[in-house]
Amino acid sequence: SKSTPSKAPSTCSESTRTPPADPQWTVVRDIDAFAAWEAAWRAHHGQCGVLRAELLHNPTVTVVAAQVNERIVGGAVLHRGAAVTGISNLFIDDEIAPLSWRGCLATASALLPGETLVGYETGDALETAARHGFHPVGPLRVWLR
């Protein structure tokens, strides 16, 4: 999927309960913060050792976290390439899911103004990305050695 974020507000489904707090998105800069981020990511994906703190030393990678009351409730990895910036490993607590893409895209746009953003979503996640301005461009093939 590919998008140039717009300033238009996103739409969220109506709810009768109190809406959750808007998460604060920040850049993860140190190993302790990354360990907390990775534990929160792993809670959503269950794969230990996949994402490692060495990412923080790669100049083309920015790890971002969403926090509510100092608790990490979401995050993503931004990876700058020659022509685009990929948004991957996006995770978010279910109760604030409607806010996740909006916050992540606003953070990515602030950190990397003018960059074309791409994602790697399928199924429901692709539908959510499309509601935030992404357009499917075709299937993704991942090559492993």
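Note that the numbering runs from 1 along the sequence shown for the chain.
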Starting at [atom1] of [X], measure out to [atom2] of [Y] and round the result to the nearest 0.5 Å.
X: W101; Y: T128; atom1: CH2; atom2: OG1; answer: 8.5 Å
X: F134; Y: L117; atom1: CZ; atom2: CG; answer: 5.5 Å
X: L90; Y: E121; atom1: CG; atom2: CD; answer: 6.5 Å
X: N69; Y: Q24; atom1: CG; atom2: CD; answer: 11.0 Å

Side-chain heavy atoms of [X] within contact of [Y], under 4.5 Å:
X: L105; Y: I87; value: yes
X: D93; Y: R71; value: yes
X: R80; Y: T62; value: yes
X: V28; Y: L56; value: yes

Closest heavy-atom pair, I72 versus Q67, reported as atoms and distance to 0.1 Å, is CG1-NE2, 3.8 Å
Shortest non-hydrogen contact from F34 to A53?
CE2-N, 3.2 Å
Please check if atom CG in D124 has more than 12 non-hydrogen atoms from other residues, nucleotides or ligands closer than 6.0 Å.
no
Within a radius of less than 6.0 Å around CD of E70, do more than 12 heavy atoms belonging to other residues, nucleotides or ligands occur?
no
Single-linkage hydrophobic cluster L55~I31, side-chain heavy atoms < 4.5 angstrom:
no
V64 and L112: same hydrophobic cluster, using ILVMFWY side-chain contacts below 4.5 Å?
yes
Do W37 and F91 pass the ring-ring contact (aromatic ring centres under 6.0 Å, His included) test, and can you show the C-alpha distance, the side-chain angles, and the key distance before you say yes or no?
CA-CA 10 Å; W37 182 96; F91 70 96; 5.4 Å; yes
